[in-house]
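Everything on this sheet refers to the single structure shown next.
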Amino acid sequence: MLTDYHLHLRPDETDAKASEYFTQANADRYLEAAADAGIGELGVSEHIHRFTESLEIWGHEFWRENAIDDMGAYVEFARSAGLRAGIEMDWVAGKEDRIANVLDRHDLDYVVGSVHFIRDMAVDHDAYDVWDEIADPDKVWELYFRTFAEGILMGLFDICAHPDLVKVWGGDRPKPRRDPRFHYEPLVEAIAETGIAVEVSTAGYRKPVAELYPADAFAEMCVDAGAVFALSSDAHEPENVGYGYERAVETMRGWGVSEIAVFEGRKRRMEPLG
Ligand SMILES: [Zn+2]
Ligand SMILES: [Zn+2]
């Protein structure tokens, strides 16, 4: 089995409208790409901040600019188009009740939980760059992994998305002086405690860091903790469906992983990898 659950039907730009991209013709381009890549399970996980309901959770300027679409219509569309229906939900500290409320309203197959923001600053968006505010890389990494761990422990998500996203800029930002494993620890502990699936995301190959999310050391700590894994591309266009999967599957086998997580109606089962 191969899956691609964490993907987007459109680019991240605000002007990429639902009416233009949430169409059967566009979904079919993704479904065809998945069939060509031997992907048996295809789902979408649009960013929560594209939907008006996200403003019940958080009022960040970036969210206010992007919260345009109706989440119920999106979920309904995904199902009718032959896609598993997911959402990429940001963890926003202290907002667990509001997040749960929004999630409870929708009939989802899975929830991909992410951290893109530390407080008001982003780890992967240069308009709100956390590195402008916090110069010490160990502080940035510590805050990122602690924030994510706190979110995972709320038990609201099914998949821990791009777990070490903080490395996205690669050599364009300073590296922590401490062994990264020190920073990984709280998140790996939260993963072990909740049993959430750890996302293997080939998006990292396409970013400045040019490597898989997560790093080998992070994955090995997860394997030691008994974690399970999910596989996705985080594609924003059909061309990237299943991007780099051959390399990713080989890497996963090297970690000793032989199964991947499959989701339906927020229930998980394990299938043989590949
Ligand atoms: Zn993301
Ligand atoms: Zn994404």
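Order of listing sets the numbers, starting from 1, for every ligand and every atom in it.
Nearest to the Zn ion (ligand 2), among the N, O or S atoms that Glu88 has, is OE1. Within His162, the N/O/S atom positioned nearest the Zn ion (ligand 1) carries the name NE2.
With 2.8 Å as the limit, His47 does not count as an N, O or S neighbour of the Zn ion (ligand 1). Residue His116: an N/O/S atom is found under 2.8 Å from the Zn ion (ligand 1). At least one N/O/S atom of His8, from backbone or side chain, sits under 2.8 Å from the Zn ion (ligand 2).
With a 4.5 Å cut-off on side-chain heavy atoms, His106 and Ile87 do not count as touching.
Taking the ring axis of Tyr184 as reference, the NZ or CZ atom of Arg181 does not stay both within 45° of it and closer than 6.0 Å to the ring centre.
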Under the criterion side-chain hydrogen bond (donor to acceptor under 3.5 Å, both in side chains), I'd like the reasoning laid out for His236 against Glu13: C-alpha separation, chi angles, the key distance, then a yes or no. CA-CA 11 Å; His236 288 65; Glu13 281 68 35; over 6 Å; no
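Rounded to the nearest 10 degrees, the angle NE2 (His6) to the Zn ion (ligand 2) to OD1 (Asp234) equals 80°.
Relative ring orientation between His60 and Trp58 is described as tilted, the plane-to-plane angle lying within the 30° to 60° band. Aromatic ring pairs are classed by plane angle as parallel below 30°, tilted from 30° to 60° and perpendicular above 60°; the pair Phe145 and Trp141 is tilted.
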